Amino acid sequence: MVAALASGEPEAVVVGGGVRVPRLARVVPDAVAVGDGGAGLEWGRGPVLVTGGTGGLGRVVARHLVVERGVRELLLVSRRGPAAEGVEGLVAELSRAGARVSVVACDVADGAAVADLVARHGVGAVVH
Ligand SMILES: NC(=O)c1ccc[n+]([C@@H]2O[C@H](COP(=O)([O-])OP(=O)(O)OC[C@H]3O[C@@H](n4cnc5c(N)ncnc54)[C@H](OP(=O)(O)O)[C@@H]3O)[C@@H](O)[C@H]2O)c1
């Protein structure tokens with residue numbers, strides 16, 4: 001407990017006498033680019049689902065995935081989906097960059113709707 005307080009971390013848990021703090025860690029090695037076959041890894045097979053993919057950050061992420069990461073299949077999801085402003089232009093841009101893009105209306109707070117979405121499209125990775 002003293003060590004947890006002394007760590008200065010905003011969040012910590014004490015487990016079995018040890019202090020644990022949250023950290024993000026890369027689970028796919030840098031060398032394995034999405035879309036290059038993935039060397040047998042499951043990650044990257046099927047479209048990359050971007051939640052809020054028609055919003056401000058979602059668009060930035062989508063461009064990054066296609067241009068910098070070589071993603072060739074994107075599934076952009078928001079509640080308005082294809083009805084969101086500027087979607088046509090976004091899809092055209094990403095398509096010119098070499099990606100196959102689907103834009104789907106789905107409320108990701110609705111578990112059943114998300115289960116259906118994943119079942120219908122298959123998903124290789126999720127950026128939420
Ligand atoms: N922009 C920044 O600098 C910044 C910085 C730090 C954190 N953030 C956080 O990052 C997130 C995205 O920011 P943003 O600037 O990209 O916002 P944004 O332009 O408003 O985009 C949000 C996107 O999420 C979708 N969305 C919202 N609720 C949804 C739901 N239940 N199911 C599916 N899609 C949903 C919206 O579309 P629909 O309304 O059609 O569903 C929209 O496409 C926000 O949570 C924001 O607080 C942003």
Side-chain angles (χ1 to χ4, degrees):
M1 187 62 162
V2 172
L5 291 172
S7 69
E9 293 283 339
E11 292 181 6
V13 293
V14 180
V15 180
V19 180
R20 301 274 188 271
V21 296
R23 290 286 185 270
L24 290 175
R26 186 179 292 279
V27 293
V28 177
D30 262 337
V32 181
V34 176
D36 71 356
L41 293 172
E42 290 301 314
W43 203 78
R45 287 188 189 143
V48 178
L49 164 62
V50 182
T51 63
T54 61
L57 285 186
R59 290 167 192 242
V60 172
V61 167
R63 288 187 186 103
H64 173 79
L65 289 171
V66 172
V67 176
E68 305 292 332
R69 294 285 171 170
V71 166
R72 287 296 165 260
E73 256 190 294
L74 275 183
L75 181 57
L76 306 181
V77 171
S78 64
R79 290 166 301 184
R80 282 167 290 174
E85 199 179 321
V87 163
E88 266 182 35
L90 176 66
V91 171
E93 176 193 340
L94 295 170
S95 301
R96 278 196 301 275
R100 200 142 47 90
V101 185
S102 303
V103 183
V104 174
C106 177
D107 183 345
V108 299
D110 179 339
V114 173
D116 183 56
L117 177 80
V118 171
R120 275 188 291 127
H121 294 272
V123 168
V126 178
V127 180
H128 178 61

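For ligands, and for the atoms within them, numbers begin at 1 and follow the listed sequence. Predicted model, so just to flag it, every value in this text is computed and none were measured.
- Applying the side chain to side chain donor-acceptor pair (under 3.5 Å) criterion to Ser102, with sequence neighbours excluded, gives no partner residue.
- A distance limit of 4.0 angstrom between heavy atoms and ligand 1 selects the residues Gly52, Thr54, Gly55, Gly56, Leu57, Ser78, Arg79, Arg80, Cys106, Asp107, Val108.
- Applying the side chain to side chain donor-acceptor pair (under 3.5 Å) test to every pair with at least one member in residues 111-127, sequence neighbours left out, gives these pairs: Asp116-Arg120.
- Applying the side chain to side chain donor-acceptor pair (under 3.5 Å) test to every pair with at least one member in residues 74-100, sequence neighbours left out, gives these pairs: Thr54-Ser78, Arg63-Glu93.
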* Assess whether side-chain contact (heavy atoms from CB on, under 4.5 Å) is satisfied between Val66 and Val101, documenting all intermediate values. => CA-CA 10 Å; Val66 172; Val101 185; 5.9 Å; no

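- Atoms CG and OG1, on Leu75 and Thr51 in that order, are 10.5 Å from each other to the nearest 0.5 Å.
- Closest heavy-atom contact between Val21 and Ala12: CG1-CB, 4.0 Å.
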